[in-house]
Amino acid sequence: MGGQNESMSDSFAERLLAWFGERKRDLPWRKNKNPYHVWVSEIMLQQTRVETVIPYFERFIARFPTIHDLAEAPEADVLKMWEGLGYYSRARNLQAAVREVQASYGGVVPSDAVQIATLKGVGPYTAGAILSIAYDVPEPAVDGNVLRVMTRYKLLYDDIAKAKTRVRIENILRPLIPLQAPGDFTQALMELGSLVCVPKNPKCDICPVAADCEAKLAGVQSELPVKTKAKQPRAEFRAVAFVQRMIGGERKFLLRRRPEQGLLAGLWECPHIEHDDTQTDIPLLSEHCAAEYGIPMQRSERMPDFEHVFSHIHWHLRVYRFHVDDEFHGNDAKHVGVDGLPEHVRWVSVRELGDYTLPLVFSKIIRQGVSV
DNA sequence: AATACGGGGAG
DNA sequence: CTCCCAGTATT
């Protein structure tokens, strides 16, 4: 026993694994090493907390138990299961990648580093995570936790926001991976970062590797890791139209589908237009709806404002409720699809909301709108 | 090497 | 408020 270059009685990996064996959390994706389950969990966990992912993972696997089920499912169903989780391209990429696995690898997640890295949505971290956790291939998986743990353990002042820092940590890690348990090593490192080597006030008193942690020895564990801070999200001011009317005795509201590319791609939302930070042009919003959807709108009233912050955009939303006369039956010749509307526009009732995937902020706006 | 891409939880 | 989270794709 004993590490190659450790003066401690037990190596870094041995102490880490012993701690992991005692303290690891009981998580849904740890019930087995099903590569598909590991894969789904790793995609969901990108930039997303464990507690947030748990219910999504359970529902997703219940709805799509196998790669085959996910590959065959309508994309709208997949997006619906992702609703509220964010970074929706993850869901689209996952389904595209699963279809690729069906087509090119006979439905078996590849255990080859080069092959798995070509799959959509699978980057350096996820490739290493799937390979090590599902197949016990000794590849490092460097996420935010591992970056923090290792910069502290090795006293590295490298900026963890930079890509080359990840590469450096991967190279430090590779010779440390125990060949008998690469998967546990990967998870133990992340678990340590998540539970012990936390960003603020790290719990060095209960850390299994504190004795030879260079940052701890130098007393600078709170100064690491170094990370350049992100820019402020830019402000955007938007006027939102909550348009409602009665159809067949049922209250409906207007939804439109966002473009296939960009922010919240392919999700449904209330129509809205951008305006400057000082004034909201209600007539312009009304005209927009009239011009785009051929819907003449009558009365309007102000609803409560909403704020929504993305990583890079801060939305200030002013919401107006519009009413469409019961007498109106939109059938403008230039429009096609349901109710004489364009294909990307629908009258939807609360009952039918389950068929549409909406960004959370618009779910809130609609809840507010229909409650009055 | 930067930026786009969601949403939430902790302090 | 700020930070940052089991990151990846695109530019």
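Residue numbering restarts at 1 for every chain, and letters A, B, ... go by the order of the sequence lines. Note that the structure is a prediction, hence the values are computed from the model and not measured.
Distances from the side chain of A/Leu264 to the nucleotides C/dA6, B/dG7, C/dT8 place B/dG7 closest. Nearest nucleotide to the A/Thr126 side chain, out of C/dA6, C/dT8, B/dG6: C/dT8. Ranking B/dC5, C/dC5, C/dA6 by closeness to the A/Lys227 side chain, first place goes to C/dC5.
By the 6.0 Å and 45° rule, A/Arg245 stacks over the aromatic ring of A/Trp347. Taking the ring axis of A/Phe60 as reference, the NZ or CZ atom of A/Arg63 does not stay both within 45° of it and closer than 6.0 Å to the ring centre.
Neither OP1 nor OP2 of B/dG9 sits under 4.0 Å from any side-chain N or O of A/Thr52. For A/Tyr88, a side-chain nitrogen or oxygen approaches OP1 or OP2 of B/dG7 to under 4.0 Å. Side-chain nitrogen and oxygen atoms of A/Lys200 include none within less than 4.0 Å of the OP1 or OP2 phosphate oxygen of B/dA10. For B/dA4, neither phosphate oxygen OP1 nor OP2 lies less than 4.0 angstrom from any side-chain nitrogen or oxygen of A/His312. A close approach under 4.0 Å does not occur between any side-chain nitrogen or oxygen of A/Gln47 and OP1 or OP2 of C/dC5. Between A/His308 and the phosphate of B/dG6, there is no side-chain N or O to OP1/OP2 separation shorter than 4.0 Å. OP1 and OP2 of B/dA10 both lie 4.0 Å or more from every side-chain N or O belonging to A/Arg49.
At the heavy-atom level, A/Gly193 lies nowhere under 4.0 Å from the strands shown. Contacts of A/Phe310 with the nucleic acid, taken as non-hydrogen atoms under 4.0 Å apart, involve only primed sugar atoms and P, OP1 or OP2. A/Arg258 comes within 4.0 angstrom of no nucleic acid atom, judged by non-hydrogen atoms across all strands. A/Val146 comes within 4.0 angstrom of no nucleic acid atom, judged by non-hydrogen atoms across all strands. Nucleic acid contact class of A/Leu27 (heavy atoms, under 4.0 Å, all strands): base.
Summarising the geometry, the separation between CG on A/Leu45 and C1' on C/dG7 is reported as 11 Å, rounded to the nearest angstrom. Going from atom CD of A/Glu83 over to atom P of B/dG6 covers 14 Å, rounded to whole Å. The nearest whole Å value for the distance from the CD atom in A/Glu42 to the C1' atom in C/dT8 is 14 Å.
Comparing A/Lys231 and A/Leu85 by the nucleotide of DNA chain B whose heavy atom lies nearest to each, the residue mapping closer to the 5' end is A/Lys231.
Taking atom P on both nucleotides, B/dG8 is separated from C/dA9 by 24 Å, rounded to a whole Å. Using C1' as the reference atom, C/dC4 and B/dC5 are 15 Å apart when rounded to the nearest Å. Going from the C1' atom of C/dC5 to that of B/dG6 covers 12 Å, rounded to whole Å.
Using a 30° and 60° split on the angle between ring planes, A/Trp29 and A/Phe57 fall in the perpendicular class, above 60°. Between A/Phe237 and A/His316, the ring planes are parallel. Angles under 30° get that label, and only those over 60° would be called perpendicular.
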